[in-house]
Colleague: 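One structure follows; several queries about it will come next.
In what follows, residues are counted from 1 in the order of the sequence shown. All ligand and atom numbering here is 1-based and tracks the order in the structure.
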Amino acid sequence: MRRKIVAGNWKMHGTLAENEARLSQLVLELKSRDACDVAVFPSAPYLFQCQNLLANSIVMWGAQNVSQHPSGAYTGEISTAMLADFGCQYALIGHSERRELFHETDQDTAQKFAVVLEAGLKPMLCVGETLDQRESGDTMVVINRQIDAVLASVGIAGFTNAVIAYEPVWAIGTGKTATPEQAQEVHGAIRQQLAQHDAVIAESLQILYGGSVKPDNAEAIFAQPDVDGALVGGASLNPTDFIKICNAAG
Ligand code: PEP
């Protein structure tokens, strides 16, 4: 039985004061719960704040991005060792905003996935199609390609300690959610793709759905057999909504 995860991607939002209020509410209201894993992804300067406020809680934290280089002259970049210093358990890899706005390729994503694993952290690999790609019938062509790049880099064993987030680009921040059936169809196909390499690893891999998940649609999405939680953007900035989504996960 796979455990569900609800993860909040805060993107480039938050201040020390706002984060403190948000994190304190999460710690307090999720204190006695153990039904699903919970993680937050703040902007990098606030990882230290997460380490301080979340260290003895059930809430885990991670980075929204990481460099594929271990150290050196890479102005503005952050290494996996730095993330480990701040107690991160996860790093988001290949979010569609990184792919689109910062031109990250499948190969960059694959390298980042590999260095995150090497550092002992869990990559949360984001994959997903644009509306054009969906309408052209290419959803699984795109997703298979995104996952194949990572398989070529780390092999199927690399997915033993990783998470995949299926995030249709057309559903991110748009208020349009994939129907539970659309999510299930893609999640099932991702699991099948990986099962061709190793059925046991594929069966135990957590595959999250992301794209306009809210308190009122979470339960139906979580009811799908291959949906193991959610990566939540906008709604994760409101701790009351985020906690409702966590409660819907079990
Ligand atoms: C995201 O950015 O990963 C995301 C899923 O955003 P939203 O929930 O706002 O669509």
Side-chain angles (χ1 to χ4, degrees), residues 4-14 18-19 22 26 36-44 46-47 50 59-66 88-104 109 112-113 116 122-131 133-134 139 142-143 146-147 162-180 182-184 186-187 190 206-222 224 226-249:
K4 286 195 170 48
I5 313 179
V6 178
N9 173 13
W10 291 359
K11 310 195 184 189
M12 200 172 70
H13 297 290
E18 285 166 3
N19 297 349
R22 217 175 264 149
L26 295 186
C36 69
D37 290 335
V38 180
V40 292
F41 291 84
S43 288
Y46 301 109
L47 290 171
C50 286
V59 183
M60 298 178 277
W61 62 97
Q64 297 173 12
N65 182 32
V66 69
C88 290
Q89 295 95 338
Y90 289 98
L92 282 187
I93 303 292
H95 190 280
S96 63
E97 288 155 15
R98 300 293 322 166
R99 293 180 191 262
E100 269 184 30
L101 304 174
F102 301 96
H103 313 295
E104 281 188 11
T109 297
K112 289 181 181 204
F113 191 106
V116 167
K122 260 193 186 190
M124 190 175 280
L125 173 70
C126 302
V127 298
E129 80 288 5
T130 63
L131 189 57
Q133 290 163 338
R134 173 163 280 264
T139 298
V142 171
I143 293 171
Q146 290 168 336
I147 292 175
V163 177
I164 289 182
Y166 166 53
E167 298 208 303
V169 179
W170 48 271
I172 295 181
T174 59
K176 285 187 202 153
T177 320
T179 63
Q182 282 173 321
Q184 171 57 31
V186 174
H187 284 227
I190 291 173
Q206 291 161 308
I207 306 178
L208 313 188
Y209 169 78
S212 298
V213 174
K214 309 281 179 220
D216 61 0
N217 60 24
E219 204 174 318
I221 294 170
F222 292 159
Q224 298 301 313
D226 285 297
V227 176
D228 307 311
L231 180 55
V232 184
S236 70
L237 296 173
N238 176 329
T240 303
D241 283 353
F242 188 65
I243 289 164
K244 283 185 187 158
I245 296 170
C246 294
N247 289 336

Colleague: When you measure from atom 4 (C) of ligand 1 to every protein heavy atom, which one gives the shortest distance, and what is it?
Modeller: G233 N, 3.5 Å

Colleague: What part of A171 sits under 4.0 Å from ligand 1 if we count only heavy atoms: the side chain, the backbone, both or neither?
Modeller: backbone

Colleague: Could you tell me whether some N/O pair between V232 and ligand 1 is separated by less than 3.5 angstrom?
Modeller: no

Colleague: Find all atoms of ligand 1 within a distance of less than 4.0 Å from any non-hydrogen atom belonging to H95, and give their numbers and elements.
Modeller: 1 (C), 2 (O), 3 (O)

Colleague: Using a 4.0 Å cut-off to any heavy atom of G234, which atoms of ligand 1 qualify?
Modeller: 7 (P), 8 (O), 9 (O)

Colleague: Please list, in number order, the atoms of ligand 1 under 4.0 Å from a heavy atom of S212.
Modeller: 7 (P), 8 (O), 10 (O)

Colleague: Going by atom type alone, with no hydrogens or angles, which donor-acceptor pairs under 3.5 Å involve a side-chain atom of residues 231-244 and a protein atom two or more places apart or on another chain?
Modeller:
| unit_1 | atom_1 | unit_2 | atom_2 | d |
| --- | --- | --- | --- | --- |
| S236 | OG | V232 | O | 3.2 |
| S236 | OG | G233 | O | 2.6 |
| N238 | OD1 | T240 | N | 2.9 |
| N238 | OD1 | D241 | N | 3.2 |
| T240 | OG1 | Q25 | NE2 | 3.1 |

Colleague: Does ligand 1 come near enough to K214 that some N or O of the ligand is less than 3.5 Å from an N or O of the residue?
Modeller: no

Colleague: Which is it for N9 and ligand 1 at heavy atoms under 4.0 Å: side chain, backbone, both or neither?
Modeller: side chain

Colleague: Do the side chains of T139 and Q133 get nearer than 4.5 Å, heavy atoms only?
Modeller: no

Colleague: Taking side chain as C-beta onward, heavy atoms only, is S212 less than 4.5 Å from I172?
Modeller: no

Colleague: May I ask you to list the atoms of ligand 1 that are less than 4.0 angstrom from any heavy atom of G173?
Modeller: 7 (P), 9 (O), 10 (O)

Colleague: Counting each atom of ligand 1 from 1 as listed, which ones have a heavy atom of G211 under 4.0 Å away?
Modeller: 5 (C), 10 (O)

Colleague: Answer yes or no: does an N/O atom from I172 fall short of 3.5 Å to an N/O atom of ligand 1?
Modeller: no

Colleague: Is there a side-chain contact between F41 and Y90 in this structure, where contact means two heavy atoms from C-beta onward sitting under 4.5 Å apart?
Modeller: yes

Colleague: Among protein heavy atoms, which sits nearest to atom 3 (O) of ligand 1, and what does the distance come to when rounded to 0.1 Å?
Modeller: E167 OE2, 2.7 Å

Colleague: Please check this pair: side chain of K112 against backbone of V66, looking for a donor-acceptor N/O pair closer than 3.5 Å.
Modeller: yes

Colleague: With side chains defined as the heavy atoms from C-beta onward, is the minimum distance between Y166 and V227 less than 4.5 Å?
Modeller: no

Colleague: Regarding Q64 and W10, do their side chains bring together a donor and an acceptor under 3.5 Å, going by distance alone?
Modeller: no

Colleague: Do the charged groups of E104 and R98 touch, with an N to O distance under 4.0 Å?
Modeller: yes

